[in-house]
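Taking it in order: structure first as structure tokens, then the write-up.
Reminder, nothing fancy here: chain letters follow the sequence lines and each chain counts from 1. Since this is a predicted model, take the numbers as computed values, not measurements.
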Protein chains: 2
Amino acid sequence: MDKQVPRKRTRIQREKRELIREAALEVFAQHGFRGSTIDQIAEAAGMSKPNLLYYFKNKEAIFATLIQRLLENWLAPLREMDEAGDPRTEIRSYIRRKMEMARDFPRESRLFANEMLQGAPRILPTLEGELKELVDEKAAVIAHWMRDGRLKKADPYHFIFAIWATTQHYADFDVQVRAVLGEKRGGEGRFEDAARFLEGLFLE
Amino acid sequence: MDKQVPRKRTRIQREKRELIREAALEVFAQHGFRGSTIDQIAEAAGMSKPNLLYYFKNKEAIFATLIQRLLENWLAPLREMDEAGDPRTEIRSYIRRKMEMARDFPRESRLFANEMLQGAPRILPTLEGELKELVDEKAAVIAHWMRDGRLKKADPYHFIFAIWATTQHYADFDVQVRAVLGEKRGGEGRFEDAARFLEGLFLE
DNA sequence: GCAATTTTTGACCGTTTGGACAAACGTTAA
DNA sequence: TTAACGTTTGTCCAAACGGTCAAAAATTGC
């Protein structure tokens with residue numbers, strides 16, 4: 001039984017694999033896994049399909065590396081929430097960071113949303129394991145802050161959900177947001193406006 | 001040029017078309033338009049592919065009727081918000097209704113989310129037209145309430161976005177919510193808990 | 001009961017899809 | 001120069017896909 005040892009990668013392999021990931025993110029985020037084709041990704045990456053399949057053994061493998069990398073970045077901001085810090089400052093920077101992610105990495109957000117809509121077939125274990133653990137921990141921190149009267153009392157889990165929902169909304173439903181806000185308010189400033197609003201909402 | 005007159009429909013046609021819509025909603029909501037196949041929908045509806053295509057001329061046509069019906073129901077709750085009513089009561093019932101929709105019609109919510117993620121190719125005009133008009137109108141109502149000191153001051157547009165985002169989150173990201181809440185709190189009561197939390201968030 | 005109509009089916013078609021493969025091409029280092 | 005290795009391409013395949021069609025089966029109206 002020859003184990004699948006991760007081969008040493010050449011410079012070209014590293015570059016091309018990154019290029020493919022970039023292209024695949026674009027395509028998967030818009031059409032989901034089943035709705036995307038290898039040809040689409042290959043074209044977006046400026047190479048032929050067989051060439052792409054030289055770097056990734058199949059469609060699943062491309063998706064897998066994206067999802068894996070996504071989850072690392074996804075949990076990072078919440079991890080940074082520090083029990084020792086000032087509650088309001090901590091919450092405020094968490095909202096800020098989440099909002100910046102919605103602005104700067106909308107495709108990652110949409111990829112995640114797509115996976116959720118499909119019932120999270122590939123990351124359910126991570127959600128029930130790593131994510132749940134992290135949220136349990138941070139919810140306890142928030143609950144503690146609330147008990148000490150340093151934050152308005154509320155359900156800490158739904159508090160976290162609400163921050164997720166509202167911030168990611170500006171990435172996932174960006175079309176709708178821009179359509180409703182129209183020319184004037186739908187410009188670049190919309191993320192800044194949203195961040196300010198959310199700070200008021202969650203920290204009033 | 002023979003116009004496509006909407007034929008009179010038999011009882012069977014009405015029933016089967018409804019059955020197909022039901023099946024298609026299930027499939028489209030999970031996989032999006034491109035990710036869904038006619039065969040999948042036909043099987044979910046308990047009929048053969050050619051039989052399904054006897055009732056709808058193609059995949060697009062099925063999707064179109066779903067989207068059309070969806071938009072009507074989607075705007076209804078916001079339409080009911082009444083300027084003459086008590087602001088806090090109006091907001092509270094809007095949140096309640098939206099939350100009930102997330103609980104009772106999660107597939108509709110996911111279908112909508114899927115369309116958004118793909119850039120709303122089929123409903124962008126409606127968003128820029130009908131939806132924007134409605135939101136403009138209701139945002140003005142809310143702004144008025146706020147100016148009169150009957151509601152805490154905030155940006156009315158982002159206020160509405162936040163209600164959409166948080167309520168729909170419990171339908172679209174249901175897997176995640178259940179995974180994080182776990183056995184105990186992830187049961188049927190989660191929608192009620194969420195509704196209570198959101199009332200506090202938006203109205204306190 | 002029977003003719004007209006509606007519904008269902010199986011067989012089929014052209015295209016797209018994920019993926020395999022060998023051959024050709026390029027690069028490097030002895 | 002050449003052998004070894006990494007990269008790219010064109011060709012091919014089987015399965016899945018969206019959709020058509022004629023004919024069979026079921027239903028309806030008289």
field: B:Ser48 and B:Asn51 side chains, donor-acceptor separation under 3.5 Å
entry: no
- request: Look at the side-chain N and O atoms of A:Arg34 and state whether any lies under 4.0 Å from the OP1 or OP2 oxygen of C:dT16.
  value: no
- prompt: Any salt bridge between B:Asp155 and A:Arg196, counting N to O under 4.0 Å?
  reply: no
task: Please tell me which of A:Asn51 and B:Pro50 maps to the more 5' nucleotide of DNA chain D, matching each residue to the nucleotide holding its nearest heavy atom.
output: A:Asn51
message: Whole angstroms only, please: what is the OH-P distance between A:Tyr54 and C:dA24?
response: 18 Å
- prompt: Reckon B:Leu53 touches a base, only the sugar-phosphate, or nothing at all at heavy-atom distances under 4.0 Å?
  reply: base
message: Taking B:Arg69 first and then B:Glu18, would you say they form a salt bridge - that is, a charged N and a carboxylate O separated by under 4.0 Å?
response: yes
field: Interatomic distance, A:Leu52 CG vs D:dT9 C1' [rounded to whole Å]
entry: 14 Å
statement: B:Tyr55 atom OH is separated from C:dT7 atom P, nearest whole Å, by 5 Å
- prompt: Does OP1 or OP2 of C:dT6 have a side-chain N or O of B:Gln13 closer than 4.0 Å?
  reply: no
task: Return no unless some side-chain N or O of B:Ser48 is found under 4.0 Å from OP1 or OP2 of C:dT9.
output: yes
message: What is the separation between atom CZ on B:Phe63 and atom C1' on D:dG18, rounded to the nearest whole Å?
response: 16 Å
message: From CE of A:Met47 over to C1' of C:dC25, roughly how many Å is that when rounded to an integer?
response: 17 Å
query: Just how far, in rounded Å, is P of D:dC17 from CD of B:Glu43?
result: 11 Å
- prompt: Once you round it to whole Å, what is the distance between C1' of C:dT7 and NZ of B:Lys49?
  reply: 18 Å
query: Heavy-atom contacts under 4.0 Å between residues 14-25 of chain B and DNA chain D, which residues?
result: none
field: Spacing between A:Asp39 atom CG and D:dC12 atom P, to the nearest angstrom
entry: 17 Å
query: Got a salt bridge between A:Arg178 and A:Glu183, using NZ or NE/NH1/NH2 to carboxylate O under 4.0 Å?
result: no
message: Assess whether a salt bridge exists between A:Arg107 and A:Glu22, defined as any Lys/Arg side-chain N lying under 4.0 Å from an Asp/Glu carboxylate O.
response: yes
query: Looking at B:Arg96 and B:Glu100, does any basic side-chain N land under 4.0 Å from a carboxylate oxygen?
result: no
B:Phe202-B:Phe159 aromatic ring centre distance below 6.0 Å: yes
